[in-house]
Amino acid sequence: MILPSERATNFVYAIRNIVQAAEALERRGRKVIYLNIGDPQSFGFRPPAEIIEAVDRATRTKFTGYSHSAGLLEGRQAVAQYASALGGAETSPADVLLTSGASEAADLLLTALVNPGDEVLLPAPGYPIYSAILSKLTVKARYYNLNHKSNWQPSLDEVSSLINDRTRAIVLINPSNPTGAITADETTKALLELAAKHNLLVISDEVYRELCFEKPPTSASVLARDAGAPGVVLESLSKTHMLSGWRVGWMRFVPSAQTRDLKSATLRLAGGRLCSPTIAQYAIEPALLGDQRSIRKFTEEIRTRRDYAVKRVAGIEGLSCTLPDAAFYLMVHVEDMGGRTDEQFVLDLLEASNVLVVHGSGFGSDPQAGYFRLVYLGNEDVLGAAFDGIEKSLRVLAAVT
Ligand SMILES: Cc1ncc(COP(=O)(O)O)c(C=O)c1O
């Protein structure tokens, strides 16, 4: 028997781990409605045609061998131009490192930053790849809580109280997965100032910044300049341009002497994976500098779906949620999970309704707090069938306990 590492055992990524239960159900002949993964293509959305055409042309006419480990210059130039137009300090291609999605950026960056025993502050609930990477690196995640009563806004006092001499970074996810909330610019600014004071890196995950139903947040890279904070922004084309499987993302280092050595260390690590897929990097320029109408159209479409999902939640006794301002997720609160942990509730809900959602504790919420996250990218037929199933099953689940 070859035993796997403890590292692998500790690597928990609930959004995909929970799928095993759904697959087992499908083997028993049931048809599952998957509302666990935020992938627009799984719900029928298609990437913008002009990007596919540009990449198709590049495949035939341009260089598609190994690119530089930081990525093709033309892709980095496009990110730099896009970032500079956001405001703040001018970004140069040398401040950009192209990666296989924002996920790889998070992995490379944290690996370049932390030593065992260090601590990193994460939002709870928050996208779980960060805690998974940290446990792989034997680094402690310390959580600052987001609460629906304050519309999921971080508390400066709480973040401040968690900082000690082992703290290395604060992760911001703005807009948030799983809550869909936008952090107010004043709060981000205050967190950046706090980070500057304690010499902490701010890692700002902004993969949903272009998918807002309200005024989008100002990028942390723009606010970082006045705050004097060292920062790295993570972005990708997975959600905004529906190119999740192409694995195109990047990190942008806020230009500053403070991040110079970290940037070199991250690039050194990036050399170990040679490069991110070269072909997909040709999507960046048309996506960031080309026609932006597809993003607006997509945002309007998901706004309609959000409104439908929120209305359905409000109409089901025992369920509630806040109105998300961005992205395509709902954190649903269940008044009574019948004494179950949220994970057991989600598994029982799956069995009873054939609907797969993700338990709140998979994002760092308290397992007893009564949350699950669902993806509302489906059209009214899909969401309608899912909510009908959830509504009926809630009665069954309450009766069983
Ligand atoms: C907040 C957040 N960051 C990063 C990612 C990873 O995206 P990708 O690696 O496809 O860019 C996701 C995916 O769901 C996410 O929700």
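Just so you know, ligand 1 is whichever comes first in the structure, and atom 1 is the first atom listed for that ligand. FYI, side chains are in, hydrogens and waters are out, and symmetry mates aren't considered; it's all heavy atoms of this structure. Throughout, numbering of the chain's residues begins at 1 and tracks the sequence.
By the 4.5 Å heavy-atom criterion applied to side chains, R209 and P217 are counted as neighbours. Counting heavy atoms from C-beta outward, H198 and L194 have side chains that approach closer than 4.5 Å.
Not less than 6.0 angstrom separates the ring centroid of F328 from the ring centroid of F43. For H359 and F372, the ring centers are positioned 6.0 Å apart or more. Ring to ring, F363 and Y127 are not that close: their centroids are 6.0 angstrom or more apart.
Of the possible polar contacts, one joining the Q281 side chain to the L72 backbone as a donor-acceptor pair under 3.5 Å is found.
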Which N/O atoms of ligand 1 sit under 3.5 Å from a protein N/O, and at what distances?
| unit_1 | atom_1 | unit_2 | atom_2 | d |
| --- | --- | --- | --- | --- |
| ligand 1 | 3 (N) | D205 | OD1 | 3.3 |
| ligand 1 | 3 (N) | D205 | OD2 | 2.5 |
| ligand 1 | 9 (O) | A102 | N | 3.2 |
| ligand 1 | 9 (O) | S103 | N | 3.0 |
| ligand 1 | 9 (O) | S103 | OG | 2.5 |
| ligand 1 | 9 (O) | R247 | NH2 | 2.8 |
| ligand 1 | 10 (O) | S238 | OG | 2.6 |
| ligand 1 | 10 (O) | R247 | NH1 | 2.8 |
| ligand 1 | 11 (O) | A102 | N | 2.7 |
| ligand 1 | 11 (O) | S236 | OG | 2.8 |
| ligand 1 | 11 (O) | S238 | OG | 3.3 |
| ligand 1 | 14 (O) | Y208 | OH | 3.4 |
| ligand 1 | 14 (O) | K239 | NZ | 2.7 |
| ligand 1 | 16 (O) | N177 | ND2 | 2.7 |
| ligand 1 | 16 (O) | Y208 | OH | 2.6 |

